[in-house]
Amino acid sequence: MCQLFAMESENFSFKQLQVLHQVSQELAQPGDLEKILYSTLETISGQLHLDRGMVSIFLRDVQEVRTIARYGYAGRLKEQSIFQLGEGITGLVVQKKKPIIIPRLDKEPKFLDPFGMRKGLDLSEIAFLCVPIDFDGVVVGALAVDRKSGDPSDLENDLHFLKALANLIASRLETRRVFEENRRLRETVGSSGRESIILGSSRAIRDVRYLVAQVADSKTTVLLTGETGTGKGLVAKAIHNAGPRRDQPFIKVNCGAIPENLIESELFGHEKGAFTGATQLRTGRFEAARGGTIFLDEVGELPPQAQVKLLRVLQERDFERVGGMQTIKSRARVVAATNRKLETEVKAGRFRADLYYRISVFPIHIPPLRERGADIMMLADHFVRIYAEDISKAITRIDTPAIDMMMSYHWPGNVRELENVIERAVLLAENEVIHGHLLPPSLRMKSVEARSKQRGTFEKLVAAYEMEVIVDALKDADGNQSRAAQLLGTTKRVIQYKVAKLDIDYRKFKKKKVR
């Protein structure tokens, strides 16, 4: 039967160190990842006599483990092995985040061989070893090999080596995973390059992509929270386009932009003569949405009477037009968004508690740009490409002073502000480079202030990454700084110092209860 092993502290042999050095050089080269991984598996097989090898990637958005490189199987099979999370030994390793050794394949009923890759082989003579590939605390895939059954200590020694090899592979595999998830979301969201909220490799934005993929196919009401400009509307559109309603209407309503006396008519429609000025029948937004999605932006701005009607739609799935008697069925899926803290609004009596519970069935928090670390430059490069193409300019790069300014700035307007800054810079650019003097004065002033505290682009990027790591730990620890320190292997005093220095509001990660 399979056995789980913890990390050992054995020393590597000289030959193993040689192989790890050779593999690290191969992985450092640019090029097709499948070919590089095949070469890696070939290297370890030739040097360490591991008979067969396989690297799989875990795609969180579809919850599948897919083989992307294999060595030593008949004809280098082209079929892609796909496992569900927890399926087979490989799926189990990814799910449990722990390595597994099977001393003899003929003794393990959970072992799957979907394409008969070991057909004709004596399974009693084959041992199977599989380790998770971990990047920054997140499992992104698995590395598995076959070898001849033998002494348990030899198997454990090979397992220790495979863990080191998995660490070398992790960064390249994570880059590939992010690319795959971005590609699928771009396909579902549509071809518009401005659907940019899905871009990014920070854990915060990976979590958003994962939640979008999980909820898209359901009818569940979704509540998007986050500061102004973080891209809540783009996430709402991504949810719509990734699900079965993509061919139905997507209706957006800004609840804060409609006068209070017109909001009910706007949402639910009105009959002719229902009130002064109602000279003809009007179809409301819920009716127009049909079987699609209605996006209620700034839902916290709804007046009390409209809240009552919205609650009824969510509970009963029907409504009447203003001044009408006919009951109309609603098949629309509701996605709501707010930059307010609705829990506070409920306590203050400005928002109905029962409505809050109804719309927050599946909450998704969109992180502010300042917590997304190096995503800032990824988004900046993306916007440069988009706006340069719009006006047929050849912009090739952003210079170092401009990068310094953007990484130092706190971005109160978030992604929307960054997009506006880049659009302005592209319009002003006179050559192929975005220079620092093309950025707005607010960014240049911030950069001057920060110069005495931080130096150079490298320090900026390190600080951005440091913030991301600490924020992730605080999320996992529900805002508890002592537990976050334990997760990061440091002291509470260090975390408190970093939280103050980086201006991180740890309190917002505490679990809140609405009574």
Side-chain angles (χ1 to χ4, degrees), residues 59-64 180-199 205-226 230-255 257-258 263 266-269 282-300 302 306-307 309-321 327-338 355-366:
L59 302 172
R60 292 178 63 196
D61 58 341
V62 292
Q63 289 287 281
E64 289 179 350
E180 287 289 328
E181 291 186 1
N182 281 337
R183 179 182 59 79
R184 272 191 300 280
L185 269 175
R186 278 196 295 269
E187 289 172 354
T188 56
V189 169
S191 60
S192 171
R194 288 169 176 76
E195 304 289 353
S196 54
I197 190 66
I198 60 175
L199 295 179
I205 212 64
R206 293 200 309 259
D207 289 344
V208 171
R209 285 199 298 265
Y210 171 71
L211 292 173
V212 166
Q214 291 299 300
V215 80
D217 287 335
S218 72
K219 299 178 182 179
T220 303
T221 301
V222 179
L223 177 63
L224 306 176
T225 62
T230 50
K232 297 186 289 294
L234 298 179
V235 174
K237 192 67 181 292
I239 292 170
H240 173 77
N241 285 343
R245 301 169 185 264
R246 65 179 66 90
D247 295 326
Q248 296 293 320
F250 176 82
I251 305 295
K252 179 178 178 179
V253 183
N254 188 331
C255 300
I258 303 171
I263 187 69
E266 191 71 25
L267 290 177
F268 309 110
R282 176 186 172 87
T283 299
R285 300 294 185 90
F286 269 93
E287 199 170 346
R290 302 196 299 275
T293 301
I294 182 164
F295 174 47
L296 301 178
D297 197 11
E298 302 304 340
V299 70
L302 281 177
Q307 291 182 32
K309 275 206 165 186
L310 176 59
L311 178 61
R312 177 189 167 185
V313 173
L314 295 175
Q315 289 179 329
E316 309 296 336
R317 311 302 301 180
D318 60 33
F319 61 92
E320 288 90 29
R321 300 189 190 104
T327 299
I328 301 170
K329 285 292 181 181
S330 172
R331 296 181 293 114
R333 192 234 190 109
V334 174
V335 177
T338 182
L355 177 58
Y356 171 72
Y357 295 131
R358 278 288 178 179
I359 64 173
S360 61
V361 176
F362 196 94
I364 300 178
H365 179 69
I366 318 301

**Q** Closest heavy-atom contact between Pro249 and Ala288?
**A**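 The pair with the smallest heavy-atom distance is CG-O, 3.7 Å.
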**Q** Measuring only between side-chain heavy atoms, which start at C-beta, is Val222 closer than 4.5 Å to Leu211?
**A**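 Val222 vs Leu211: side chains apart.
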**Q** If we only count heavy atoms from C-beta on, is the Val235 to Ile366 side-chain gap below 4.5 Å?
**A**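 Val235 reaches Ile366 side chain to side chain.
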**Q** Please report the closest heavy-atom contact between Pro363 and Ser360, naming both atoms and the distance.
**A**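 Reported closest heavy-atom pair: CD-O, 3.5 Å.
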**Q** To check you understand the geometry: which heavy-atom pair defines the closest contact between Asp217 and Gly243, and what is its length?
**A**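 Reported closest heavy-atom pair: OD1-CA, 3.7 Å.
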**Q** As an exercise, state the distance from NE2 of His365 to CG of Leu223, rounded to the nearest 0.5 Å.
**A**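 His365 NE2 to Leu223 CG: 11.5 Å, rounded to 0.5 Å.
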**Q** Between the main-chain N or O of Arg331 and the side-chain N or O of Arg290, is there a donor-acceptor pair closer than 3.5 Å?
**A**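 No, because the side chain of Arg290 does not come within donor-acceptor range (under 3.5 Å) of the backbone of Arg331.
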**Q** Could you go through the side-chain contact (heavy atoms from CB on, under 4.5 Å) check for Leu355 and Leu314 one step at a time?
**A** CA-CA 9 Å; Leu355 177 58; Leu314 295 175; 3.8 Å; yes
**Q** Rounded to the nearest 0.5 Å, what separation is found between the CD1 atom of Ile239 and the CZ atom of Phe250?
**A**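 Reported to 0.5 Å precision, the distance equals 8.5 Å.
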**Q** Would you give the length of the straight line joining atom CG of Asn254 to atom CZ of Phe295, rounded to the nearest 0.5 angstrom?
**A**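 Answer rounded to 0.5 Å: 8.5 Å.
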**Q** Determine the minimum heavy-atom distance between Leu224 and Ala236, stating which atoms define it.
**A**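 Looking at all heavy atoms of both residues, the closest pair is CD1-N, 3.7 Å.
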**Q** Rounded at 0.5 Å granularity, tell me how far CG in Leu311 sits from CD1 in Ile359.
**A**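 One finds 10.0 Å between CG of Leu311 and CD1 of Ile359.
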**Q** Between Arg317 and Lys329, is there a donor-acceptor pair closer than 3.5 Å when you use the side chain of the first and the backbone of the second?
**A**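 No.
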**Q** With rounding to the nearest 0.5 angstrom, report the OG1 to CZ distance, Thr293 to Arg246.
**A**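 So the OG1 of Thr293 and the CZ of Arg246 are separated by 11.0 Å.
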**Q** Check ring-ring contact (aromatic ring centres under 6.0 Å, His included) between Phe268 and all other residues, then give those that pass, not counting sequence neighbours.
**A**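 Phe268 satisfies ring-ring contact (aromatic ring centres under 6.0 Å, His included) with Phe286, Phe319 only.
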**Q** Can any side-chain N or O of Arg245 pair as donor or acceptor with the backbone N or O of Gly291 at less than 3.5 Å?
**A**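 Flag set: sc Arg245 to bb Gly291 pair under 3.5 Å.
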**Q** Do side-chain atoms of His240 reach the backbone of Gln248 as a donor and acceptor pair under 3.5 angstrom?
**A**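 Side chain of His240 to backbone of Gln248: a pair is present.
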**Q** Give a yes or no on whether the backbone of Ser218 and the side-chain of Arg333 come within a donor-acceptor separation of less than 3.5 Å.
**A**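 It does hold such a pair.
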**Q** Show the nearest heavy-atom pair for residues Ala306 and Ile263, with the distance to one decimal.
**A**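 In terms of heavy atoms, the two residues are closest at CB-CG2, 4.0 Å.
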**Q** Who pairs with Thr283 by side chain to side chain donor-acceptor pair (under 3.5 Å), at least two apart in sequence or on another chain?
**A**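 Partners of Thr283 by the side chain to side chain donor-acceptor pair (under 3.5 Å) criterion come out as none, since no residue qualifies.
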**Q** Between Arg209 and Ile205, is any pair of side-chain heavy atoms under 4.5 Å apart?
**A**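 The answer is yes; the side chains approach within 4.5 Å.
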**Q** So Ser330 and Glu316, side-chain contact (heavy atoms from CB on, under 4.5 Å) or not? Walk me through it.
**A** CA-CA 9 Å; Ser330 172; Glu316 309 296 336; over 6 Å; no
**Q** Between Val212 and Ile364, what is the shortest heavy-atom contact and its length?
**A**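 Here Val212 and Ile364 meet closest at N-CD1, 4.4 Å.
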**Q** How about NZ on Lys252, more than 12 heavy atoms from neighbouring residues, nucleotides or ligands closer than 6.0 Å, or not?
**A**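 Counting other residues, nucleotides and ligands, NZ of Lys252 stays at 12 neighbours or fewer.
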**Q** What's the verdict on side-chain contact (heavy atoms from CB on, under 4.5 Å) for Arg312 and Asp318, showing C-alpha distance, side-chain angles and the deciding distance?
**A** CA-CA 7 Å; Arg312 177 189 167 185; Asp318 60 33; 2.9 Å; yes
**Q** Stepwise, does the side-chain contact (heavy atoms from CB on, under 4.5 Å) test hold for Leu302 with Leu267?
**A** CA-CA 11 Å; Leu302 281 177; Leu267 290 177; 4.1 Å; yes
